[in-house]
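A note on names: the letters A, B, ... follow the listed sequences, proteins ahead of strands, and every chain is numbered from 1. Hydrogens, waters and symmetry mates play no part in the numbers below; they use all other heavy atoms, side chains included. As the structure is a computational prediction, the values presented were derived from the model and not from experiment.
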Protein chains: 2
Amino acid sequence: MASFTVENYLKTIFQLSLKAENGASTNAISEALGTKAATVSDMLKKLDAQELITYKKYQAVKLTNAGRDIAVNIIRKHRLWEVFLVEKLDFKWDEVHDLAEELEHIDSAELVNRLEGFLNNPKFDPHGDPIPDRDGNIHRLNQSPLTELKSGESGYVTGVKDSSREFLQFLDAQNIHLGNKIEIVEIFEYDKSRTVITGGKTLSLSNQVCKNLYVKTEN
Amino acid sequence: MASFTVENYLKTIFQLSLKAENGASTNAISEALGTKAATVSDMLKKLDAQELITYKKYQAVKLTNAGRDIAVNIIRKHRLWEVFLVEKLDFKWDEVHDLAEELEHIDSAELVNRLEGFLNNPKFDPHGDPIPDRDGNIHRLNQSPLTELKSGESGYVTGVKDSSREFLQFLDAQNIHLGNKIEIVEIFEYDKSRTVITGGKTLSLSNQVCKNLYVKTEN
DNA sequence: TTATATTTTTAGATAAGTCTAAATTTGAAT
DNA sequence: ATTCAAATTTAGACTTATCTAAAAATATAA
Ligand SMILES: [Mn+2]
Ligand SMILES: [Mn+2]
Ligand SMILES: [Mn+2]
Ligand SMILES: [Mn+2]
């Protein structure tokens, strides 16, 4: 059984690898985990010895299949627990991440599978991120940032790129939630801000907000 | 924040102290935790230094108020999670203990309080053990082992003294559950076994079974 | 291409929790 | 009161995960 620490390393490497094609660098892992680079360097050797990652000195690391399986399972649990917290215990979507960081390490396939059924087999977590199935498959939605839409186009909110509490609370304040329809009324070249219509209201969204909001257009 | 390890020591000391008036001995803790006595001895010094227990060499230890608070909170969480697993996820009462041993360490008062509400503020766990309230008060039921009943008397099953999987499965097999009425028909002095009536059926229970079954008599 | 900056690794320490083996203390039994 | 067994503690060691400081490798930039 992987320790909490090892599980966190693997999950972090998995997530960093989605961004950087060549794998996860020591420094990136260090920053993501809040652990010093020297410590990470040490740990990478151990993970390599356990054949959970492939590691060559001074090079970015990649997960082996075994490592990926563990990482994806942790993510599966994280996201299912987030759904539980929001759907059943009425937490808000900006309150659940840290709790899920703890719950994701509870070690029981039976528990997570039953939880999944209890929640009616959700496909996405409260932030729109896909929930891996029990075989580790992840069905990613074909979504794009709001910045891809042209004036006059519209889409439905499917997720967030930035899931910081600040951004989530901002969206709540603007009454923007997953599933909402958003129509682009006008794009201002000056600061790339957009005037949009959503939930019957007209509002202005900064470029930064638009970059961090994912929508699905009817194709 | 107490580590998982410290939490487990405190919980164990609390539970052992319910049985032995003078406190918990090194050996008893060692056996309960599956940790060598030498290790326990070392740890007791540390817990004393943190003022979570009072410890004098070669003497049984007792919890301080701070130590008791932590222990009771862990027990509260353990029992609430057990209710969740049985009531919401349909686990059987003999399947939940090990999972609760993990879940009890999830650190969030908000989570446990919401969980409690979600479960409709249960007062007892699936084994009949009382769930401490958020102030650490434990309302113990005035129950007695089935061996206390005389021939002709009856009571309602309120709990088990032995909550091993084997015993719980035995009770399931006999269709004996919390809340069932049990009437003592006859007590055999030879082996102290009893003939009882419960759930419309007559059956024979060994003295050992009767000692481990708690009932409440209408008084 | 050489110098500089950044990244990564190594070396040496530390803390928590555990173990085995040996020493000590306690308590029970002659 | 002495002896012996059981319980407990001490000593020394190990593992995991972490740190700081220093060295080495790589990448960048003049
Ligand atoms: Mn999260
Ligand atoms: Mn999420
Ligand atoms: Mn239990
Ligand atoms: Mn229980």
Please check if the number of heavy atoms outside B:Gln169 that lie under 6.0 Å from its CD is greater than 12.
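Atom CD in B:Gln169 is packed in, count exceeds 12.
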Could you identify which residues of residues 11-27 of chain B place a heavy atom less than 4.0 Å from some atom of DNA chain D, listed by residue number, or say none?
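Result for residues 11-27 of chain B: B:Ser25, B:Thr26, B:Asn27, sorted by number.
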Mind listing the N/O atom pairs, protein and nucleotides 24-28 of chain D, below 3.5 Å?
{"from": "D:dA25", "atom 1": "O4'", "to": "A:Tyr58", "atom 2": "OH", "distance (Å)": "3.1"}

Could you tell me whether the side chain of [Y] reaches within less than 4.5 Å of the side chain of [X], counting heavy atoms only?
X: B:Val6; Y: B:Leu52; value: yes
X: A:Leu44; Y: A:Ile13; value: yes
X: B:Pro130; Y: B:His139; value: no

Expressed as a whole number of angstroms, how long is the span from B:Lys56:NZ to D:dA7:C1'?
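Rounded to the whole Å, the gap is 19 Å.
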Among all residues two or more places apart in sequence or in another chain, which pass the side-chain hydrogen bond (donor to acceptor under 3.5 Å, both in side chains) test with A:Arg76?
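side-chain hydrogen bond (donor to acceptor under 3.5 Å, both in side chains) check on A:Arg76 returns A:Asn113, A:Glu116.
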Rounded to the nearest 0.5 Å, how far apart are NE2 of A:His127 and CZ of A:Phe167?
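With rounding to 0.5 Å, NE2 (A:His127) is 11.5 Å from CZ (A:Phe167).
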Between A:Tyr9 and A:Phe14, is the gap from one ring center to the other below 6.0 Å?
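Between A:Tyr9 and A:Phe14, the centre distance exceeds or equals 6.0 Å.
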Compare every heavy atom of B:Val72 with every heavy atom of B:Pro132, then report the nearest pair and how far apart it is.
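Answer, listing the atom of B:Pro132 first, then B:Val72: CB-CG1, 3.5 Å.
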Where chain A begins and ends its contact with DNA chain C, read 5' to 3' at 4.0 Å from heavy atoms
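Contact span on the strand: C:dT7 to C:dT10.
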Reading nucleotides 15-21 of chain D from the 5' end, what letters show protein touch, with B for base, S for backbone sugar-phosphate only, - for no heavy atom under 4.0 Å?
--BBBBB
Within the 3.5 Å criterion, strictly below it, is a donor on B:Thr158 or B:Gln143 matched to an acceptor on the partner's side chain?
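Result is yes, a qualifying pair exists.
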Terminal helix-axis angle for the helix from C:dT1-D:dA30 to C:dT30-D:dA1, with five pairs defining each axis and rounding to 10 degrees
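So the angle between the two local helix axes works out to 10°.
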